[in-house]
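Residues take their numbers from the sequence shown, with the count starting at 1. We count ligands from 1, going down the list as the structure has it; atoms in each ligand are counted the same way.
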Amino acid sequence: MIRMPKPAIALLSLFSIASAAPLATCPGYRVTNAQSGPSYLVADLTLAGTNCNLYSEDITNLRLTVEYQTDTRLHVLIADREQNVYQIQDNILPRPLSQNASSQTADLRFTYEAYPFSFKVTRVSTGDVLFDTSPSPLIFETQYLRLRTRLPSNPNLYGLGEHSDSFRLATNGYKRTLWNSEAPYIPQNQNLYGSHPVYFEHRGGNGTGGTHGVFLRSAAGMDVVIGKSDAGEQYLEYNTIGGVLDFYFLAGPGPEEVSKQYAQVVGLPAMMPYWSLGFHQCKYGWPDLGHVKQVVQNYSDAGIPLEALWDDIDYMDNKLDFSTDPVRYPHDQLKGFVDELHGKDMRYVQILDPGIRYKSDYGPYTRGAEKDVFLKAADGSWYRGLQWPGEVVWPDWIAPQTKEWWTTEILTFYDPNNGINADGLWVDMNEASNMCADTTCLSSAQKTRSLPQSLIGKIHPRAPGDRHQKTRSLPQSLIGKIHPRAPGDGQHLGLPNRDLFTPKYQIANHYPTLSSRTLFTNITNSDGSTQYDTHNLYALTMSSVSRSALISRSPTKRPFLLTRSTFSGSSRFAAHWFGDNFSSWADYRASIRQLLSFSAIHNYPMVGSDVCGFNGQAQENMCARWAVLGAWQPFYRNHADISAPDQEFYRWPSVAAAARKAISVRYRLLDYIYTGLYYASKTGEPALAKPLWFLFPSDPATYGIDTQFFLGDALLVSPVVEDDAHSVTFYLPQGKWYDFFTHHRIDQTSAGTVTVSGVGWDQIPVYIRGGSISALRLSDASFTTGQAMTTAEVRTRNFEIIIAPDQNGKARGRLYLDDGESLDSSGKESEIEFTWDGSKFEAKGTFGYDTEGVVVQRIVLLDDGVSGNGQREVSGRWPLTGGFTTNLYI
Ligand SMILES: *[C@@H]1O[C@H](CO)[C@@H](O)[C@H](O)[C@H]1NC(C)=O
Ligand SMILES: *[C@@H]1O[C@H](CO)[C@@H](O)[C@H](O)[C@H]1NC(C)=O
Ligand SMILES: *[C@@H]1O[C@H](CO)[C@@H](O)[C@H](O)[C@H]1NC(C)=O
Ligand SMILES: *[C@@H]1O[C@H](CO)[C@@H](O)[C@H](O)[C@H]1NC(C)=O
Ligand SMILES: CC(=O)N[C@H]1CO[C@H](CO)[C@@H](O)[C@@H]1O
């Protein structure tokens, strides 16, 4: 075959130069001493020639470990034989236990070439090669690893977040950089706040392929490059600056199965309290408590249900954690306000930042210093930087005493009787964000330098108050205790003698260096690991410690925590929002693809965007649309920056009307959403937002769709997405569909697009999928009277059941009920299965939750067009205390 010389080649090779030197220059490895058993293979890998030392030194001796953990999960670990290279601490991200499956029966097969070493992962049932590292030799250096896998051309790849790019990832010339970073305006093609080194690949079409997942259990900064070689061969290539190659291959074969298998590896998402599904309002820059009270009052006056009021850093005294501004948010008044909210069944959430003001008369600092909880500079003094309150130190979340200290601070400040009785916490700036741009600002190496006056205003308009503290150096008694283990002692804590500040391989971080605007990567943590290796875990560890503090505070209650920065597994501890976006139609659209990536791929169900956008001025029509779209996302909060004009929903009549209607619909669906969250937290299934292809995996037209989503299995949400438009053309797969609002049926005999016009600012096309049954709370049909104003009130409403038959006249669904707040609901929960077989409706399951009189009051069978009798509705009182059946003619 003749290959045409392409002008693109120059560009492509430029791109690969940026990522690595030519592939051929490294010797690769040779396999020796291979030993295998029924469920494992271990072997030595030895560098097979002269070092190439591309960006650091080749590691000569590696160890390959392959475990057939289950029939659908294969673990492949390539690590240094000495066990020094950093691996994520097992207590930070627990590993799943191997079930010792048999290599003979498992659906994934591992095979390798001995020289040069490469391996393949094959799906046994189809013969499909899912992963194949033969295109280039493995490079495993002290500060650079490279592994390339061959892929089918134009693959359907998803994940590798956090990003704001298309949900289905670009397949050529595309680089995903994973390095947690503050990312104002969430630009595309850039690393954002979190890192999720997992991708799903879908090989659908014609009923063969299936879906599989690949998780690289590595916290290292990395570039994942997806591209085509000069020979036109499709690949995905990992380029990391450290860590080991620790892969979990997940066989699926369906997408939902991959989601569950991934959750088994990184942990199940935390179940959320029922109230957290209510509507939340926040704003950075609210001037004082009086204003905040007006916000609450104005929501009430406008008849818009407000569940939770959130305070950003405004409540703090000089932006100090665990403080209240004595003038603008006096402690007793704020405490009283929170108690008043509780009296109205409303909730209150506060922000906390990890940066602790470095100030000798500030209790959280002095107590933390006494307990030795902060990260240290090279000379043993506290490592300092700049955050909202000014000069700060940062907790070392890995140190066990940090948990004691943080818990005590939380227990004291949020004491239900004498403190601010907040219902939840929001941890922000935890990438960690450092307003020091580089080493010249407040370098911790410089012992007692205070921040130059000239810098202060420039770094952030709202920066610090007092800043003339002297560095407190570490008491002699503590030195030596700091690093119980030195790197390089076979404990996976990181190799010694690396350049942790300026590694030669530079990932495409959107800031100039690894340490820019974050913690220096050469800082050592209490266990001997370094920020170079653990940077991406900073927020995960903060979330874990904060969640456990909340549990100490209320041991029987489910905590609510929201985090900005995340890593794989963060959903075990906290909800997440998509950060500081912009009040634009572009970001309104981006919120859908971010929702899909998090919910369906990253095992992260409780997510949403800042509704109406964070930065910039929200326009009325856009805000109305976003108020409506947000109501269909699991986490629903309106929030804006200090520099943005107020954008509470009540500020425009049209937005207020849209919000009233949207919240009314959402509140009727709260138990449907809650049921999804429950199953996500129980099994890891993406029971909330998911892409169309999860339900229609053999329909290639669905693979790229990221402006529509399913909420649960029953509801397809297809919002208007074009700027200022009133119509939307969306994809409707083959099947029976029913308009959620009118119950009008669409018989989609073959899949195709549907255009809906005249979509008002308060409207959103939503279709019920034929074959589903959903349980909704009843409310007054007029949307304004009888509206439940809080989720507590929603919980007193009776249910109606909507049966949407499929082509065969059948349907099924489920409902989960508990008290909405217990950490452990076992024995006091109901898991109800609904079925409609064409003539009989049945509810069965377990009925442990006492509904306190709430019953099913209406059952609606949508008109599937078969009987000719139209929609059927029956009213009654079916208690949810046990199973029942009805033929719908009573
Ligand atoms: C799997 O095998 C390992 C090593 O023999 C053993 O320690 C472990 O208990 C086994 N696990 C199960 C679930 O059988
Ligand atoms: C399915 O197979 C047919 C016939 O081989 C082919 O034309 C079509 O492109 C395939 N579709 C997909 C999505 O692979
Ligand atoms: C609340 O509404 C009143 C009456 O319209 C208005 O004067 C006030 O500015 C509003 N305050 C806030 C914080 O929205
Ligand atoms: C990290 O490197 C910077 C820049 O070389 C240096 O100023 C600082 O002292 C180092 N810090 C640690 C903890 O080694
Ligand atoms: C994902 C996305 O569209 N991000 C946008 C956020 O807003 C900024 C400012 O308008 C844009 O530059 C980004 O592209």
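Checking only distances, N298 does come within under 3.5 Å of ligand 3, N or O to N or O. Every N/O-N/O distance between K376 and ligand 4 stays at or above 3.5 Å. Remark: ligand 3 and Y650 share an N or O pair separated by less than 3.5 Å (distance only, no angle test).
Proximity of the aromatic rings of Y299 and F279 is defined here by a centroid distance below 6.0 angstrom, and this criterion is met. For an aromatic pair to be called close, the ring centres must be under 6.0 Å apart, and F614 with H639 satisfies this. Residues F374 and Y383 keep their aromatic ring centres 6.0 Å or farther apart. Aromatic ring centroids of F215 and Y262 lie under 6.0 Å apart.
When every heavy atom of D71 is checked against every heavy atom of A101, the shortest pair comes out as OD1-CB, 3.5 Å. The nearest pair of heavy atoms linking W179 to N191 is O-ND2, 2.8 Å.
Protein heavy atom at the shortest distance from atom 11 (N) of ligand 3 is Q294 OE1, 2.6 Å.
Atom 9 (O) of ligand 3 lies below 4.0 Å from at least one non-hydrogen atom of the protein. Inside a 4.0 Å radius of atom 13 (C) of ligand 1 there is at least one protein heavy atom. For atom 4 (C) of ligand 3, the nearest protein heavy atom lies 4.0 Å or farther away.
The backbone of S98, and not its side chain, has at least one atom closer than 4.0 Å to an atom of ligand 1 (non-hydrogen atoms only; backbone = N, CA, C, O). With a 4.0 Å cut-off on non-hydrogen atoms, A377 touches ligand 4 through its backbone and not its side chain.
For the ligand labelled ligand 3, residue R651 lies inside the 4.0 Å heavy-atom shell.
In this structure, R637 is positioned above the aromatic face of W426, its NZ or CZ under 6.0 Å from the six-membered ring centre and within 45° of the axis.
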Practice problem: May I have the step-by-step check of side chain to side chain donor-acceptor pair (under 3.5 Å) for Q387 and D353, ending in yes or no? | Solution: CA-CA 9 Å; Q387 251 305 326; D353 292 330; over 6 Å; no
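Contact atoms of ligand 3 toward V295: 13 (C) (distance under 4.0 Å to a heavy atom of the residue). Atoms of ligand 1 found under 4.0 Å from any heavy atom of N100, numbered from 1 in the order shown, are 1 (C), 2 (O), 3 (C), 8 (C), 10 (C), 11 (N), 12 (C), 14 (O).
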